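Presented below is the structure to which this report refers.
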Amino acid sequence: MSRFLSGQYASLKEYVPGEQPQDKKYVKLNTNESPFPPSPGVIAAVTDEEVEKLCLYSDPESKILKGMLAESYSLKSENVFVANGSDDILNFAFMAFSRENGAAFPDISYGFYPVFAELYNIDAKIIPLEDDFSIDTKKYLNIGKMVVIANPNAPTGKAIQKSEIEEIIKSNPDNVVLIDEAYVDFGAESVVDLVKKYDNLLVVQTFSKSRSMAGARLGFAFASAEIIKDLEKIKYSTNPYNLNRLTQLMGVKALEEQEYYDNNCKKIEENREFTVSELEKLGFSVIPSKANFIFAKHEKISGEKIYLKLKDKGVLIRHFTAERIKDHNRITIGTKEQMQILIEKLVEIIKEEEK
Ligand code: PMP
């Protein structure tokens with residue numbers, strides 16, 4: 001730390017991203033990326049001509065991209081916000097909507113929520129998940145704070161019902177209810193259509209998972225025109241050009257090829273079912289997941305040992321050290337071949353442990 005850092009940040013515990021090894025050595029199942037490349041139109045969009053245009057600023061209003069998103073999700077452009085990954089949107093939302101009343105979110109969820117809460121010195125009500133890692137949505141009724149829930153939740157993969165979310169929205173009319181749908185395309189139910197009905201709902205999604213563009217950094221959100229205007233105000237007060245030209249262009253192309261991504265989601269869901277049944281045969285218990293990852297615990301071997309031994313054998317998964325979840329590991333669902341390698345390596349590890 002330099003002697004120049006503002007005192008308020010001295011004790012801030014920053015978010016720690018999953019490992020991003022820069023060689024291709026690993027079967028990489030640790031940060032919930034798609035194993036599939038972006039669709040052909042996205043790849044073809046990056047022409048020399050488009051790269052040459054990088055000497056010009058991007059459209060700060062992202063008009064074309066917002067128009068396409070509005071059309072794809074049956075809303076209006078005024079209900080759409082886009083930013084540099086959904087992390088950017090979560091940051092803006094904590095900054096804009098939680099400083100007066102505070103924020104409520106589960107103890108086991110996306111690790112960035114408590115970081116934003118600390119960053120902005122927000123009164124955070126952290127609500128423990130139930131023993132089976134489910135969210136008891138009744139605990140968020142009439143809470144009087146911004147509510148932040150990932151659906152499906154991370155790292156558990158558990159989803160909640162749209163009707164339960166609607167109850168939370170209805171019972172907190174004076175606060176924003178932020179539903180983080182980063183993983184919704186793998187089998188959970190979206191609440192995007194409720195944006196037309198409630199002016200306090202903010203739904204956040206991303207191109208990083210189902211649309212294979214984690215490295216391009218493109219997040220989007222839907223809400224009432226008023227909430228979107230507030231987010232725009234924060235964006236224009238920090239970084240108006242937060243979305244580069246190529247990412248905006250690739251986002252539009254991806255939306256034109258939705259069928260490709262729908263097919264990929266289907267494959268991921270099939271590979272998820274395959275992986276769960278293989279893991280159960282090997283003595284793992286797996287939480288039912290609606291995401292592109294699963295959260296699994298072995299009956300005998302510790303979570304840390306499995307993580308380290310798999311890493312040694314060239315397979316990266318995500319291990320967390322928090323007490324409640326240290327015996328679980330989060331495993332991203334990749335291609336069938338990748339999942340077969342994972343299973344083979346786990347069979348080896350279990351044999352080694354039995355010796
Ligand atoms: N929300 C959740 C629940 C996540 O797991 C992630 C990915 N780490 C994000 C948001 C952020 O994703 P991105 O910034 O790539 O859109």
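Every number for a ligand or one of its atoms is a count from 1 in the order of the listing. This structure is a prediction, so every number in the text was calculated from the model and none was measured.
Contact residues for ligand 1 (protein heavy atom closer than 4.0 angstrom to any ligand atom): Gly85, Ser86, Asp87, Tyr110, Asp180, Ala182, Tyr183, Thr206, Ser208, Lys209, Arg217.
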Yes or no on side-chain contact (heavy atoms from CB on, under 4.5 Å) for Lys290 and Val184, after CA distance, side-chain angles and deciding distance?
-> CA-CA 8 Å; Lys290 294 281 185 199; Val184 79; over 6 Å; no
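Side-chain contact, Asn84 with Asn242: no donor N or O sits under 3.5 Å from an acceptor N or O. A donor and an acceptor atom, one from each side chain of Asn264 and Lys266, are nowhere located under 3.5 Å apart.
The aromatic rings of Phe222 and Phe220 stand perpendicular to each other, their planes meeting at an angle above 60°, with 30° marking the opposite boundary.
In this structure, Asp59 does not pair ionically with Arg245, as no charged nitrogen and carboxylate oxygen lie closer than 4.0 Å. Residues Glu19 and Lys28 are not paired through a salt bridge, judged by the lack of any N-O separation under 4.0 Å between the basic side chain and the carboxylate.
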